[in-house]
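See structure below.
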Protein chains: 4
Amino acid sequence: MTVTVSVVGASGYTGGEMLRLLCNHPGVAIGQTMSRTYAGQPIRRVHPHLRGSDLPAFVEPEALTNADLLVLAQPHGVAQREIERYAQLAPRIIDLSADFRLRSPEDYERWYGEAHAAPDWLPRFVYGLPETQRAAIRETGHVSGVGCNATATILALLPLMQHDLLVPERPIVAEIKTGSSEGGAKANAGSHHPARSGAVRSYAPVGHRHTAEVQQALGIADVHLSLTAIEMVRGALATAHAFARPGTTEKDLWQAYRASYKEEPFVRIVRTKRGNYRRPEPKILAGSNFADVSFDLDAESGRVVAVCAIDNLMKGAAGSAVQCLNLMCGFKETTALEFGGLHPI
Amino acid sequence: MTVTVSVVGASGYTGGEMLRLLCNHPGVAIGQTMSRTYAGQPIRRVHPHLRGSDLPAFVEPEALTNADLLVLAQPHGVAQREIERYAQLAPRIIDLSADFRLRSPEDYERWYGEAHAAPDWLPRFVYGLPETQRAAIRETGHVSGVGCNATATILALLPLMQHDLLVPERPIVAEIKTGSSEGGAKANAGSHHPARSGAVRSYAPVGHRHTAEVQQALGIADVHLSLTAIEMVRGALATAHAFARPGTTEKDLWQAYRASYKEEPFVRIVRTKRGNYRRPEPKILAGSNFADVSFDLDAESGRVVAVCAIDNLMKGAAGSAVQCLNLMCGFKETTALEFGGLHPI
Amino acid sequence: MTVTVSVVGASGYTGGEMLRLLCNHPGVAIGQTMSRTYAGQPIRRVHPHLRGSDLPAFVEPEALTNADLLVLAQPHGVAQREIERYAQLAPRIIDLSADFRLRSPEDYERWYGEAHAAPDWLPRFVYGLPETQRAAIRETGHVSGVGCNATATILALLPLMQHDLLVPERPIVAEIKTGSSEGGAKANAGSHHPARSGAVRSYAPVGHRHTAEVQQALGIADVHLSLTAIEMVRGALATAHAFARPGTTEKDLWQAYRASYKEEPFVRIVRTKRGNYRRPEPKILAGSNFADVSFDLDAESGRVVAVCAIDNLMKGAAGSAVQCLNLMCGFKETTALEFGGLHPI
Amino acid sequence: MTVTVSVVGASGYTGGEMLRLLCNHPGVAIGQTMSRTYAGQPIRRVHPHLRGSDLPAFVEPEALTNADLLVLAQPHGVAQREIERYAQLAPRIIDLSADFRLRSPEDYERWYGEAHAAPDWLPRFVYGLPETQRAAIRETGHVSGVGCNATATILALLPLMQHDLLVPERPIVAEIKTGSSEGGAKANAGSHHPARSGAVRSYAPVGHRHTAEVQQALGIADVHLSLTAIEMVRGALATAHAFARPGTTEKDLWQAYRASYKEEPFVRIVRTKRGNYRRPEPKILAGSNFADVSFDLDAESGRVVAVCAIDNLMKGAAGSAVQCLNLMCGFKETTALEFGGLHPI
């Protein structure tokens with residue numbers, strides 16, 4: 001069985017990752033690659049890592065034809081306005097934008113500052129994080145993408161929530177360190193190399209939209225995100241601070257994390273006593289779909305510092321999307337996601 | 001008046017910064033520079049930025065003679081064992097190590113894991129942060145250094161504490177992003193460039209010793225530090241999360257920060273609506289003694305995200321030490337600390 | 001058919017790359033992994049990217065048993081002293097060190113400063129660069145590795161030599177920019193992050209040993225290498241300056257490069273008029289076996305600037321070695337080398 | 001005596017460096033700061049390192065009034081069209097652009113692709129490199145800036161030319177490694193951090209305009225430049241390859257470099273046998289006006305590898321300009337240029 005997949009918004013970074021992964025997917029044939037800006041130009045014009053592939057040139061939006069599955073990788077706000085048309089073109093849709101991640105139109109309006117253009121579609125999409133929605137993803141035709149910062153934060157904290165280990169009255173604070181690729185492929189004053197290089201930029205200390213995804217996924221409100229841009233292109237590390245119930249031990253934490261993730265193909269507990277990589281680090285995950293998680297406990301105060309490292313363009317975007325595609329289409333969940341990262345790098 | 005200053009442990013990074021600053025201090029004459037490892041070798045052997053200076057070669061510890069002021073920049077643990085001897089050599093001592101930062105021998109033992117070798121000296125030292133101890137520093141002959149991470153955290157939070165803006169029952173969490181120079185001048189497996197480059201390394205998620213300095217300086221216990229090493233050589237950014245009393249407004253925060261820092265020569269409130277540097281960033285502070293601070297308020301939850309950027313070797317070590325030296329010796333507080341940093345860098 | 005391969009010196013960077021590639025090679029079974037330093041410890045202790053693999057733990061040198069093929073990835077000088085023993089263990093050997101790259105014992109002694117310990121073995125090894133030695137590699141049981149800087153320089157210049165486009169009386173100068181992984185996995189003072197980070201270090205302006213490989217491969221003496229270490233972990237870019245015969249045109253150069261490389265599976269001519277990646281760049285090759293080459297002509301002076309970008313650990317070491325393994329064992333040449341690199345990175 | 005200096009084009013990187021230096025110049029008062037783009041806005045809007053200075057806000061071009069000296073830091077092509085007006089405003093002009101660096105209108109047209117707009121002014125400007133033009137700079141009112149890459153190349157090679165040590169029939173090839181600040185303060189697709197970060201970009205393998213300055217300054221034609229952009233914000237390292245006359249010894253080279261530079265306040269010969277900084281490196285020169293030079297000799301072939309490290313915005317632009325200003329105005333040549341750089345960084 002071959003599934004024909006077209007990628008809409010294929011010239012951006014997540015579009016490029018989708019193409020890289022799908023090119024090597026034995027069950028997928030790339031249908032069309034759409035980019036308004038680069039229509040008519042070859043893929044290699046913007047994706048130097050796809051030199052030598054036999055992918056078709058970019059087409060105009062209007063040239064899109066039917067496919068088995070559409071991947072939407074457009075700027076936020078486009079998919080919700082075009083969803084009816086896209087739904088006509090393909091029975092299955094994975095939308096990497098933020099348009100269909102929240103279930104409630106009210107939440108959407110609160111965090112995105114405007115009413116959703118297609119609120120009826122919100123309940124028809126499943127949040128595309130297999131670690132929390134695997135069963136639903138298998139059954140649906142419509143899956144949203146995930147926020148990269150939300151993904152890292154959710155996976156850091158999920159075992160603590162699932163095993164009810166936290167004191168409910170104390171807040172959870174998550175600091176996420178992000179790379180420059182999160183800002184997309186388009187240059188701006190803030191991405192100018194002399195300005196962005198070496199930055200430790202508190203660019204979203206409060207109010208980051210991915211907070212809404214974390215609250216929705218974990219079912220709690222008292223969780224707070226801050227984003228700091230650092231010198232890195234790919235990758236994200238979430239450092240989440242939570243407070244465990246009195247008496248919680250390190251062994252309890254081990255059990256919780258193992259129980260939550262023992263069946264997960266892409267979540268690894270990384271926690272060793274020796275070597276340079278004792279805790280999760282994003283750099284060795286570049287190109288891979290792994291989420292590496294860990295935890296540390298301050299026994300006296302009960303503070304748990306849970307961390308999760310991902311490649312923001314992979315587990316935080318295209319990798320999770322392919323994982324969802326595999327689930328939706330009946331492929332083995334790890335298909336085309338075997339690359340394990342590089343070291344040293 | 002010229003003060004003769006000798007630097008003990010002059011081959012390390014903070015020693016090198018002390019020499020760089022004191023070379024250009026109009027009221028200081030460098031006496032001796034001591035380094036056991038490099039005794040007999042010229043300064044430029046390890047400090048390439050001091051090429052062309054006429055500093056004396058390193059001497060053995062045993063060769064130390066009298067001076068007006070001793071700067072101790074040795075590894076932690078040495079000064080407390082040698083303090084009696086050093087006190088014989090000079091009436092004034094500034095110790096950059098962690099040996100005399102805490103006032104209580106119990107605290108020292110708890111955080112450093114062993115009994116202090118000279119507990120009687122602890123009350124005789126003043127914590128060398130002028131922003132909290134200026135008057136005492138002026139009057140004393142013995143000043144400790146400051147932990148770089150503690151400095152950044154304290155200065156981020158100080159106005160909130162001084163103006164009693166926080167809800168006492170909610171914890172304060174501070175995430176500090178650090179550079180590789182914090183680890184000192186000696187190579188180890190973790191500092192190997194292929195391993196350290198691009199790292200986002202949660203190397204002290206709990207239990208960092210600078211926590212004790214923050215608790216002591218702010219007078220609170222419910223404050224928690226985490227350290228993450230990132231791609232950077234110099235610099236530290238503390239991102240502190242605290243919860244304000246209901247009804248606190250952004251204006252209240254402005255007033256508090258302005259009131260706390262309006263007379264401070266080296267603390268700047270950096271908070272603008274435009275440009276690439278809207279919040280404090282350490283990279284443009286390299287070589288300078290400024291601490292840039294800011295705050296953001298999530299009005300709904302009351303979370304305040306207070307940040308402080310410093311050069312860890314300057315405001316977090318040698319710069320604050322020179323500031324103390326100026327206070328102790330009656331020089332203008334900003335002498336030899338005029339360099340304002342570079343941009344772009 | 002499955003070939004059993006043991007990796008000797010498996011804890012270093014090239015050893016780790018060999019394991020990464022061979023783990024995913026459908027025709028290879030990993031026999032043993034030898035490391036004197038880490039004997040008894042699991043692979044993941046030093047190779048975080050191999051977490052989750054089922055590779056056997058490191059063994060002592062003395063524990064080595066028979067295999068179909070031995071990959072030697074030890075420090076220079078070891079293989080030549082142990083070659084008789086290794087030859088007893090396996091009919092096929094690929095040695096990644098510099099021990100068997102030169103054909104002449106005199107050249108070896110000149111460049112390495114001591115007599116070769118097994119000069120009789122020099123003519124029995126084939127230089128492991130398929131682009132110049134493919135036929136011989138297919139027929140031999142003993143293949144040397146390649147110097148990464150030599151590989152980049154040779155591939156930049158090869159078409160100019162093969163098509164006799166250069167003025168013989170003018171020198172060829174090659175400047176190679178290198179990353180820190182070239183120095184191996186062991187920390188030293190020069191690899192300390194604060195010292196190595198941001199370096200532009202002319203560490204081998206003259207006299208680099210890879211010069212001998214270039215001279216041997218190209219059959220010329222008037223070629224000169226300089227090495228400059230830059231801020232990079234993986235990758236090398238050779239920039240070779242040569243002077244073309246009067247009247248040489250850009251079209252002539254195109255024809256030469258195309259003719260030399262049109263059948264090569266891992267050499268690409270990268271030369272475009274638009275986009276950010278108009279000429280070869282190493283960063284987008286991290287993890288891939290591609291060598292990207294290009295050329296520019298200064299029509300007035302005849303100077304040709306030929307460049308070649310590689311991943312030093314792949315095409316400059318383990319990747320070429322696997323390519324040789326495939327040729328030696330009758331596998332498709334590109335097996336296990338399909339990864340094409342990442343963008344952005 | 002106080003000289004009133006206005007900076008025209010003050011919002012760019014070299015303009016910002018001029019302001020940083022002149023703010024601390026005891027003989028200079030800043031008159032106006034002109035920026036068309038930022039007219040009416042405070043300096044700190046674009047120059048975060050000048051926070052806290054009392055510099056006047058940017059003014060429109062039309063608002064420029066008389067001054068003792070004008071520094072022009074505008075994009076190439078502007079000064080030559082406005083030179084008559086500027087000459088009316090001030091008796092002394094230092095132009096940092098490329099407009100008045102070449103003496104011959106023919107050379108200008110050849111390298112810049114169009115006729116010069118004010119060819120009569122070319123002979124009235126002196127090339128602003130004190131190491132070759134000190135006497136003339138003292139006597140003139142009009143000084144050009146220097147190309148940063150040209151400066152590094154000229155200073156690397158000057159002693160070899162002055163002492164006639166080279167074989168004339170062999171070419172000189174210079175490879176210059178450059179940082180991203182060379183491209184100026186304006187963002188473009190190529191300066192986008194994910195694209196520019198980690199680049200080793202052969203962006204001007206042939207045909208770079210600074211070649212003309214090198215040829216003019218050294219009085220030779222057979223010298224060839226290549227530019228490679230690397231991961232760095234500030235700094236440039238020129239690696240120049242030349243061939244010495246048979247019999248030339250290392251001692252001869254020492255004598256030549258010492259003779260050429262022994263009186264130069266900002267050129268240092270950096271050549272040591274130990275330590276991490278045995279040869280010149282740009283990173284430790286950030287913010288300083290030093291040019292560090294060195295040489296290595298391949299005795300067999302006679303190849304000399306001469307290197308020179310500078311801060312491109314300082315010795316390669318604003319620093320040399322202030323040095324010229326000091327000469328022109330009768331200040332001590334090193335005034336306001338005392339900063340010696342940082343280590344580690």
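If you're wondering where the values come from, they're calculated on a predicted model, not measured in any experiment.
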* Rounded to the nearest 0.5 Å, what separation is found between the OG1 atom of A:Thr239 and the CG atom of B:Leu227? -> 11.0 Å

* To do: Compare every heavy atom of A:His224 with every heavy atom of B:Asp298, then report the nearest pair and how far apart it is.
  => OD2-ND1, 4.5 Å

* Asked: Could you name the residues of residues 182-194 of chain A that have a heavy atom within less than 4.5 Å of a heavy atom in chain B?
  -> A:Ala189, A:Gly190, A:Pro194

* Structure fact -> Given B:Lys283, B:Glu281, B:Arg279, B:Met232, the one with more heavy-atom pairs under 4.5 angstrom with chain A than any other is B:Glu281

* Structure fact -> Here the pair of heavy atoms bringing A:Val206 nearest to B:Leu297 is CG2-O, 3.9 Å

* In Å and rounded to the nearest 0.5 Å, what is the CZ to OG distance from B:Arg278 to A:Ser202? -> 12.0 Å

* Heavy-atom proximity to chain B below 4.5 Å, by part of A:Thr228 -> side chain

* chain A contact via B:Ile284 - which portion, at a heavy-atom distance below 4.5 Å -> neither

* **Given B:Pro205, B:Pro171, B:Ser226, the one that forms side-chain contact (heavy atoms from CB on, under 4.5 Å) with A:His241** => B:Ser226

* Asked: Do any of residues 268-277 of chain A have a heavy atom less than 4.5 Å from a heavy atom of chain B, and if so, which, in residue order?
  -> A:Asn276, A:Tyr277

* Select one option (side chain, backbone, both, neither) describing which atoms of A:Val173 are under 4.5 Å from chain B's heavy atoms. => side chain

* Before giving the answer on salt bridge (charged side-chain N to carboxylate O under 4.0 Å, His left out), spell out for B:Arg170 and A:Asp222 the whole-Å C-alpha distance, their side-chain angles and the decisive distance to 0.1 Å. => CA-CA 12 Å; B:Arg170 301 216 107 192; A:Asp222 198 9; 2.4 Å; yes

* Using non-hydrogen atoms only, which part of B:Val307 is less than 4.5 Å away from chain A: side chain, backbone, both, or neither? -> side chain

* chain A: which of B:Ser197, B:Gly179, B:Gly235 shares the most heavy-atom pairs with it under 4.5 Å? -> B:Ser197

* If you measure from CD on A:Glu231 to CD on B:Glu231, what distance do you get to the nearest 0.5 Å? -> 6.5 Å

* To do: Return the option, out of B:Glu300, B:Arg303, B:Arg196, B:Glu169, with the maximum number of heavy-atom pairs under 4.5 Å with chain A.
  => B:Arg303

* To do: With a 4.5 angstrom heavy-atom cut-off, could you sort out which part of B:Phe243 is near chain A: side chain, backbone, both or neither?
  => side chain

